[in-house]
Structures are given as C-alpha cells and as structure tokens.
Chemist: 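My structure is below; once you've seen it, I'll send some questions.
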Amino acid sequence: MSDDGDNAYCLIDATRPPLADGPPYAECVLCREPTEHPESYKGITLCPVCEWQEAQRTACSG
C-alpha cells in the first residue's frame, strides 16, 4: 500500500476546504459556529467540534 499522507488508511475521499487567513469565517452547517474556513468557500464547512464528531460517526471500523 502506498503512503499518501494522513488519509492513506481510509478509502473515503475526504477533500477538505482551504483554511482561512483571517475573518470572515464560514459558518458550520450543523451548529452555525465559526469554522476555520473562509466565508467565500462554496461547499460544506464544519467547525472543528462537528468535524471531529462527524469523523467519529463515519470512521472505518475493522
């Protein structure tokens, strides 16, 4: 198996939005708290807490 970085162990394509250099920040789509991503990003953004909870919920088990 090749080493593709942090996501080498998981088969799910987990493309992440870019991090913002500063405000304004995008709102989390679940809790409406500020995220680490720019407000101009078009797509689903999650705050660090919801991102962690979603990762736990969808983690590969086995």
Chemist: With sequence neighbours left out, what residues match Gln53 under side chain to side chain donor-acceptor pair (under 3.5 Å)?
Modeler: none

Chemist: State, to 0.1 Å, how close Pro34 and Cys47 come at their nearest heavy-atom pair, and which atoms those are.
Modeler: O-CB, 3.7 Å

Chemist: Report yes if some heavy atom in the side chain of Pro24 is under 4.5 Å from a heavy atom in the side chain of Pro38; otherwise report no.
Modeler: no

Chemist: List the residues meeting side-chain contact (heavy atoms from CB on, under 4.5 Å) with Glu54, not counting sequence neighbours, and say none if there are none.
Modeler: Leu46, Arg57, Thr58

Chemist: Measuring from Tyr25:OH to His37:NE2, what's the distance to the nearest 0.5 Å?
Modeler: 11.0 Å

Chemist: For the CG atom of Leu30 and the OG1 atom of Thr35, what is their distance to the nearest 0.5 Å?
Modeler: 11.5 Å

Chemist: With Glu33, which residues qualify under salt bridge (charged side-chain N to carboxylate O under 4.0 Å, His left out), at least two apart?
Modeler: none

Chemist: Under 3.5 Å, side chain of Thr45 to main-chain N/O of Glu27, donor-acceptor pair present?
Modeler: yes

